[in-house]
Amino acid sequence: AEEPITIGVVYKQSGNPFFEAGVRGFDEASKELGFTFIHNGPADSSNEGQIQIIEGYIQQEVDAIAISANDAAGVVSVLQTAMDKGIKVVSWDSKVEAAGRNLNVDPSVAQNIGRVQVEEIAKQIGYEGQIAILSAAATHDNQNTWIAYMKEELEKPEYDKIELVTVVYGDDLTDKSYQEMQGLINSYPDLKGVISPTTVGVAAAAVAIKDMGMSGKIKLTGLGLPSEMADHLADGTCEAMFLWNPIDLGYAAAYASIAMVKGDITGAVGEKFDAGRLGEREIMDAGDGGTFILVGDPFRFTGENIDDWKNVY
Amino acid sequence: MVRFTDKIPAFFKRREWLLFGLIVLTFLFFNVQEPNNYTLVKLLNQTRVYMVDVGFMALGMLLVLILGDIDISVAAIAALSATVMGVTYKAGQGLPFGISIVLMLVTGVLCGLVNGLLVIRFKELFPMIITLATQTLYRGIAYIILKDQSAGSFPTWFSKDLGYGLVNIFGLDVPVMLLCLLAVFPLYHLWLHHTVSGHRYFATGTNLTASRFSGIHTDKIKLSAFMLNGLFAAIAGFFLTSRTGSVKYTIGTGFEMQAIAVAVLGGASTSGGKGSVVGLLLALVLLTALKNGLMLLYNDAFILNLSVGLLLILVVLIPNLLGMLNKYRTVRRQRLELAKT
Amino acid sequence: MSKSTPGQELMLNIDGVSKIFPGIKALDDVHFTLKKGEIHALIGENGAGKSTFIKVLTGVHQPDSGTLTLKGRSIVMSDPLVAQRHGIAAIYQHLAAYPHLSVAENIFMCNEQRAGQSPVISWKQTHRKARELLDSLGSTISTSAIMGELSVAQQQIVEIAKALSQEADILIMDEPTAALSKKESEELYAIARRLRDKGTSIILISHRFEDVYSLADRVTVLRDGRYIGTWDIQDTDEGMLVNHMVGRSIDQFFPQKTAPIGEELLKVDSISRLGHFKDVSFTLHAGEILGLTGLVGAGRTEVVEAICGVTKPDSGSVTLLGRDVHFNRPGQALAEGLALLPEDRQKQGLLLPWSIEDNITLSNLKTCRSHRFISRKTIQDKAEQTIKRLNIKARSGKDTADSLSGGNQQKVVLGKLLDANARVMVMDEPTKGVDVGSKAAIYQIMCELALQGFGILMVSSEMPEVLAMCDRAVVMRQGRVSAIIDRADFSPEGILKAGMPLTKEAEVSA
Amino acid sequence: MSFLKKLVRNREAGLTLVIILLVLLVGLRNPAFASLSNLQFILGDTSIMIILALGMLCVLLVGSIDISISAIMALSAMTAGILMKNNLGLVETTTLVEGVETALAIKTSTPLIVLILLAMGVGAACGLVNGLLIAYGKVLPIVATLGLQYIIYGLSHLVSSGQAIYRKDMSESFIQFTRHNLLGFNSKVWIMLGTFLLLYFFITYLRSGRRLYAVGSNREAAQMSGIDTKRTTLMAHVIMGALAGLAGMLYASHDNKVTQDMAMGYEMYVIAACVIGGVSVTGGFGKILGVLLGALAIGVINNGLTMLRLTGNSEFWKKAIQGAVILIAVVTNVYIKRGHEKRVLRERRL
Ligand SMILES: Nc1ncnc2c1ncn2[C@@H]1O[C@H](COP(=O)(O)OP(=O)(O)OP(=O)(O)O)[C@@H](O)[C@H]1O
Ligand SMILES: Nc1ncnc2c1ncn2[C@@H]1O[C@H](COP(=O)(O)OP(=O)(O)OP(=O)(O)O)[C@@H](O)[C@H]1O
Ligand SMILES: [Mg+2]
Ligand SMILES: [Mg+2]
């Protein structure tokens, strides 16, 4: 019998529920396609930890590596040695630089992610007043890209009366994010709304807003985990927030990896493959020298639909 | 009469033998569990992941620990030095790579110098507190230089041949990096354990006042230990960068604790006066064997840490317990003899 | 209250006590009796087992065999609290103070003053009682002063107060006078006699025959952990006791110094250091033994440390072998030929966990090399010589320094300096807490060194030592030189008078 | 003695002055910072650190150290969290307000006090292991607690099997537990005050408390006077562990979240707070009021930085300022001490 295909899945941090959900996507795909996979992430969301894991996968002679990178540049070298050995590399959720991957599975177009959050907050505050952004760390590539697109979106005339007063960073630590949010509330008495495009930040911000008695007075949106945000959506501290579906993300990454291992695709622009229940996906130019596929647009979670999701991821 | 059972504790009191025994056991255990992936040849390849950068860092840390001090800022020094290298090289647009490397080493030594000066000047303070503060400082500077960017595009000999290159020795593929590390060990061992200047680190760590009264320039010893530590941290940053292929200001976060753990595992004591280069090497090998085996078996970062913690405590605890047992036995035997006479 | 005549009631009877440390039999079948209201001196060479005996008695160590009978009842001293409850109090040889805590708290640690049975400590009562105790000792030390900031003598007084606070039936004093001046010693004698007259039994350990003869009623000698004998003090004399202690007779306790005085080696010219000493000047010549004496706390240690580069004088100059020198650390002084035997051998002199060999060769390791590497063999040979020369008692050079008794430890430190080719040797209390045998040996070495042309500066608090050994004596009082006396003019009264504080009030604060 | 002299001699007064200065400085840039409500907030926010610093004081006093406290916080909060999650039930309460029927869902679970006691118990058990290793196994404190830090974080991963505890898994009483105010102060402040007073009484008026000082000041002497130094060390670690358990619960309730890596790196702030508060890291010396103020100083710095309205490279400056202020505070302490010593010397009559 032929040996089954093995995928080595690497994510940013061990024990992070977002990636637990992502792994469920791989699980689903493996039942459909009949491959095996192993998964792991460093305890401290470090680049060095991911390299250790990748080297372990190379040692185990996996057929493909599917990675959500902590540092887009930092794993390029080791992934190149993997590719030299014939291992296919697919990045998902958080991309690897073009030189270190065969294909990127993008949750959504960065521009869209930036845009929907600005649209949402503008609508909630009535297109007028001060807003602020509570980000993760100033070093996170995807955060910075989204923030850049948000600023671009804010240039549009319909947002003329909206002022972005500051961007603060909570380092994806709950207590620091909480402190920063509290600092925002105290520093800017006229603050109307906050965008926090990070799951840790938006949850901490919601708690801070509630604790300071500002529920309803300061609007909040961002990218949040349904399980973590369930209560805040239900009681209206956060009217709506967004996130793509990590299960679909993992699922799509698994299908892409298998297609590549089987030789159905090589990762070139224009190639198409079947992504199971998600339908057909076409490979596009990512503009960074590499290619990518898109999974879907961010989903809007509100108090009405949150009950369907809060136990999912 | 000396019975064999009496000899066992004494045997395992030598840390090196204990470590050696553990290495053999670890290897056999995982080799049985994972006969295909956990082989000597494949393990050799993994040494660059687990041994080299932490190893260099631990060599420096060893000196500081021998003095009874501690340096929390090493990983930050590695990050700052690597940053300096990456930024001055500017992907080939800046200084020649050789000069960037020299600047990197100088940065490491300078950071160590600052630590050392603070430690000497403020004897009332614990080095732990001082280096805790300088850690923030060094990483902060790296951050101001690099912001959220990463510096990379190093020459291929660096990021490929050094980072991932193999040399065939007697039919075995040995990582180039490992050879670099192994080249340092004999020299370092000779220097630390067999020369006058090495001896002085142990003396100073055992009793600083008495060493000073005996004519040792203890301030110089301390300063040089911190500077060498900085140098080794920079070297660790260098090899780490050759593996990652690029520098970010977060590089090597948390390595200081690993370096301390390795040195302590190898026989150093945080109270000073103790440490062994051979022990350190064995500790590195043991950790490589263990971590890689666990990685293959469990694929779980937390289990990995858990077992490192367990190992650290057991290796320090077991000789202590055996020592107590030994003492108890000696006294009991003498007591029996006393009763006879 | 009438003075109880010793010999009536047996307080304590110890029979056949042995104590084993790994590798060493510290006590071997020791007998000891203590009567009510007597002062019983316990003497012996360094390492004879005196301190160990005391620790067995107070429950710090458990004996391996032997029985202990207290007031007719057999007792197992399982821990120090048991001893305390049975009315045994001790002043230990090495200060057992808590340097960070207040005087009052030091006195009442483990004997906390509480209101009745309440578990809550009463600080008011603690301070009041401490004050009473210190007053009874004629001391004005504040009860809230921090122990570590007091002088050694003051700390010793607090320790005595602590022992007294326990109102014990049996009081043990392990070298209580080692850090005390003559005057303070005398005050202690008075207290001891007062206590004895009240019926307290006292065990006194001392290397000073002065103490033994002015206080003790009986004396017991230990040698190498073995019991040698017990005598009434009237039936003994110094020579006989020394013979029993060392197991041989010492003909010449103080050797005859024959070295001629030569050229000037060291000149100290009005050096000062803030808060420690002021305008100190003297000279030292080849072949000369210069005494630096005075009361404890007079600043002698500070002076010699400033000369040898441990600290730096704020002003003044030091000239060594005709050259102006400014040392930043002892190593520089050593390299220039000025060696310092420090006051505290355990903290400043030795690497306790290291072997005797490694300690002896530490200062001069550069000469123990072959081909740039340290040669174990050379170290061994060199150390072997020194061990022989100084007659250090150890099984081998591989023994660790902490396994040695005080006197032998001191010899190791001395051996280290001998190895270092100095011209001037500064010795800070070289015989402090050292037994008679070792003392004589150290004096002998000093004379030999003088003969070889060394200049020796000896800090000493012991009058007989200064009188017998020194060519001249520099007397210090409260940080200043009060007199420089030639051998011809030596008299105990003269030296004592020069060292006495000027006013009563000044003495109190010193 | 002049007022200034007194101030310099009294470290606590000096620290208070430093804190007031810090508040004024930040307040100058952002008046909102110096407002009463914000200061109350800071006190509440710093309570957890103060509680931990109080425990650390005990450990440092006996000459030990504990760098596993953040792991202990994670494990104890996680244990309690899992119990809470598994016993969570919804109680639907219907209330009639002007004829409109409203359904109020209140989540109930294991009683709060049981959870807290459980967490403190888990913490104390971890402290016990630390203490046993250090006191009886003679493992050096840094090594023992570093090793245990790895192990305990690993355990919290194992017991949670990788799952975090979120607000939706928490009972209402647990969520609200750190959100009640009494006399304008948060419940955390009251819990901290209670802990402070208890510990103050313990180490000032009880024998076993004073012995923490004795053991750290001179271990041998303590042994000779019959103090069980090992048990005292053990006790210090158990106290630290129990307080870490309590702190973990407060932290979790405050964050509405328990992750397996909760509070990573927190131990360094706690140690820094103690050092700034004048505790000797080698044992024997340290005042409880100093620790309170030291932690408060760090709390003011951390909160003040977010309110400084820094722009540009603000992230770096925040980090740098934090390190610098800690260093400056500690170094200033050294100079004050040296000045004091010099003054004592000058006052001596020679
Ligand atoms: N804790 C210990 N462990 C091992 N050996 C010890 C210990 N304490 C004392 N010894 C040894 O026991 C012997 C007796 O020592 P002890 O301190 O009782 O002598 P001593 O008569 O008090 O001497 P000194 O006059 O120098 O104080 C010495 O050889 C000493 O090295
Ligand atoms: N006037 C004083 N008031 C308080 N403390 C003093 C005073 N003078 C000296 N001291 C302290 O007393 C201690 C003993 O001083 P030092 O060691 O210089 O004296 P010494 O004469 O060498 O005594 P020793 O005989 O112990 O060697 C030192 O700690 C010193 O700082
Ligand atoms: Mg003794
Ligand atoms: Mg002195």
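Throughout, protein chains are lettered first and strands after them, A, B, ... in sequence-line order, and every chain is numbered starting at 1.
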OH (D/Y269) with more than 12 external heavy atoms under 6.0 Å: no

Per-residue contacts, residues 262-272 of chain B versus chain D, heavy atoms under 4.5 Å: B/V264, B/S269, B/T270, B/S271

Largest heavy-atom contact set with chain D, pairs under 4.5 Å, which of B/L321, B/L311, B/L118, B/D300: B/D300

Segment of B/L314 engaging chain D (4.5 angstrom heavy-atom cut-off): neither

Interatomic distance, B/L312 atom CG to D/Q149 atom CD [nearest 0.5 angstrom]: 11.0 Å

Residues 67-76 of chain D: residues contacting chain B (heavy atom under 4.5 Å, by number): D/I67

Region of D/Y136 in contact with chain B, defined by heavy-atom distances below 4.5 Å: backbone

CZ (D/R231) with more than 12 external heavy atoms under 6.0 Å: no

Considering all heavy atoms, the nearest B/N320-D/V139 contact: ND2-N, 3.8 Å

B/K291 NZ: over 12 foreign heavy atoms closer than 6.0 Å: yes

Side chain to side chain contact (heavy atoms under 4.5 Å, CB included) assessment of D/V331 paired with B/F122: CA-CA 8 Å; D/V331 164; B/F122 299 104; 3.6 Å; yes

Pairs satisfying salt bridge (Lys or Arg N to Asp or Glu O under 4.0 Å), at least one member in residues 136-154 of chain D, at least two apart: none

Engaged part of D/I65 at the chain B interface, taking heavy atoms whose separation is under 4.5 Å: side chain

Contacting moiety of B/L310, where chain D heavy atoms sit under 4.5 Å: both

Portion of B/L304 that has a non-hydrogen atom of chain D nearer than 4.5 angstrom: neither

Distance in Å, D/S280 OG paired with B/F126 CZ, rounded so as to fall on 0.5 Å steps: 9.0 Å

Pairwise side-chain contact, B/I303 with D/L158, heavy-atom cut-off 4.5 Å (strictly under): yes

Atom pair CD (B/Q135) and CE (D/M268), whose distance is rounded to the nearest 0.5 Å: 7.5 Å

Closest non-hydrogen atom pair between B/R121 and D/R338, with its separation: O-NH2, 2.7 Å

No-hydrogen, no-angle side-chain donor-acceptor test under 3.5 Å, B/N305 and D/H157: no

Pairs where residues 63-75 of chain B contributes a residue and the test salt bridge (Lys or Arg N to Asp or Glu O under 4.0 Å) is met, not counting sequence neighbours: B/D69-B/K222

Derivation of the side chain to side chain contact (heavy atoms under 4.5 Å, CB included) call for D/L146 and B/I313: CA-CA 9 Å; D/L146 174 69; B/I313 287 181; over 6 Å; no

